[in-house]
Amino acid sequence: MEKQDFLYDFLILLQRLVAKQVKFQRLGNVKRVCAVDVAYKGNTGIAVAVCDGDEKEVHKVTGKVSFPYIPGLLFIREAPIMLKALEGTHPELLLVDGHGIAHPRRSGIATVLGVLLEVPTIGIAKSRLVGDIVEENGVKYLVIQGERVGVKQGKYYFSPGNLVTLEDVVQFSRSGYPELLREADKLSKEYRRELEP
DNA sequence: GCGACAG
DNA sequence: ATCTTGTCGC
């Protein structure tokens, strides 16, 4: 897909629509938390959703992922298979591998999933997409044009997806990289190995 | 035009 | 993300 394609422009319109639906509200005490990640074997995607709470739960889904990765448009490549893996899970908080509003249009994959599922989400990425680091009171904020859109903790970037506040995210980030996401990442790569070459 | 660019 | 060996450090 090229940048001059109609589809490219259309996807950006959808992201702007999603961004308008975001609500920032304080996150209450949550018991059930889920995390999603995707691994690949060629064009086959392996999405894993791990949930914690009363009982641990793991959902695995594999399927063809043909859309290429384009910076800023990760959601169209990974959100579909992630949604499939999240079917039946009912998280009170969802952790997503990727950015939330720390995005050119404030519409990263964690935001898209949070709006579609109407669930609180936090995006956690291993690298920066946009923004600058501005430290204040020991907190490294990710700032885009003067607006705080996330925080950097260690080598990871945390940003609100939907239905949480930046304060919630700052608090959450203090615990470091979530064990649940680490597990989803580990399991997806683990399932990948037992796929027919 | 040049540099940057989640997974 | 994935392809990949050894190497530096706790």
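Note that these values count all heavy atoms, side chains included, but never hydrogens, waters or copies made by symmetry. In what follows, chains carry the letters A, B, and so on, assigned in the order in which the sequence lines appear, proteins first and then strands, with residues in each chain numbered from 1.
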Would you mind reading off the distance between [X] atom [atom1] and [N] atom [atom2], rounded to a whole angstrom?
| X | N | atom1 | atom2 | answer |
| --- | --- | --- | --- | --- |
| A/Lys126 | B/dA6 | NZ | P | 12 Å |
| A/Asn43 | C/dA1 | CG | C1' | 12 Å |
| A/Ile70 | B/dA6 | CD1 | P | 12 Å |
| A/Asp37 | B/dA6 | CG | C1' | 12 Å |
| A/Asp132 | B/dC5 | CG | P | 11 Å |
| A/Asp97 | B/dG7 | CG | P | 6 Å |
| A/Leu129 | B/dA4 | CG | C1' | 9 Å |
| A/Arg128 | B/dC5 | CZ | P | 5 Å |

[Y] side chain reached by [X] side chain, heavy atoms, under 4.5 Å:
| X | Y | result |
| --- | --- | --- |
| A/Val115 | A/Lys23 | no |
| A/Thr121 | A/Val164 | no |
| A/Val149 | A/Arg106 | yes |

Within the distance-only criterion (no hydrogens, no angle test), does the side chain of [X] pair as donor or acceptor with the backbone N or O of [Y] below 3.5 angstrom?
| X | Y | answer |
| --- | --- | --- |
| A/Arg16 | A/Ala19 | no |
| A/Ser159 | A/Gly150 | no |
| A/Glu92 | A/Arg32 | yes |
| A/Asn162 | A/Ala110 | no |

Requested in this report: Can you tell me which stems involve DNA chain B, if a stem is defined as three or more consecutive Watson-Crick or G-U wobble pairs, both distances under 3.5 Å?
Outcome: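 In DNA chain B, stems of three or more pairs: none.
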Query raised in the report: Which string of ( ) [ ] | and . matches DNA chain C, if you list each base 5' to 3' and count Watson-Crick or G-U pairs only when both distances are under 3.5 Å?
Result: ..........
Query raised in the report: How is A/Gly123 classified with respect to the nucleic acid when contacts are heavy atoms under 4.0 Å: base, sugar-phosphate, or nothing?
Result: nothing
In residues 45-56 of chain A, what donor-acceptor pairs under 3.5 Å come from side-chain atoms, sequence neighbours left out?
residue: A/Lys56; atom: NZ; partner: A/Glu183; partner atom: OE1; Å: 3.2
residue: A/Lys56; atom: NZ; partner: A/Glu183; partner atom: OE2; Å: 3.2

Query raised in the report: Is the shortest side-chain N/O distance from A/Ser127 to OP1 or OP2 of B/dC5 below 4.0 Å?
Result: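 Answer is no, no contact under 4.0 Å.
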Atom pairs under 3.5 Å, N or O on each side, protein against nucleotides 2-7 of chain C: can you list them with distances?
residue: C/dT2; atom: OP1; partner: A/Tyr40; partner atom: N; Å: 3.2
residue: C/dT2; atom: OP1; partner: A/Arg192; partner atom: NH1; Å: 2.1
residue: C/dT2; atom: O5'; partner: A/Arg192; partner atom: NH1; Å: 3.1

Side chains of residues 61-81 of chain A: which donor-acceptor pairs under 3.5 Å do they make with residues two or more places apart or in other chains?
residue: A/Arg77; atom: NH1; partner: A/Phe67; partner atom: O; Å: 2.7
residue: A/Glu78; atom: OE2; partner: A/Tyr40; partner atom: OH; Å: 2.8

Would you mind writing out the side-chain donor-acceptor pairs for residues 132-143 of chain A within the sub-3.5 Å range, not counting sequence neighbours?
residue: A/Glu136; atom: OE1; partner: A/Arg148; partner atom: NH2; Å: 2.8
residue: A/Glu136; atom: OE2; partner: A/Arg148; partner atom: NH2; Å: 3.1

Query raised in the report: Got more than 12 heavy atoms from elsewhere within 6.0 Å of CD, A/Glu194?
Result: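 Above 12, so yes.
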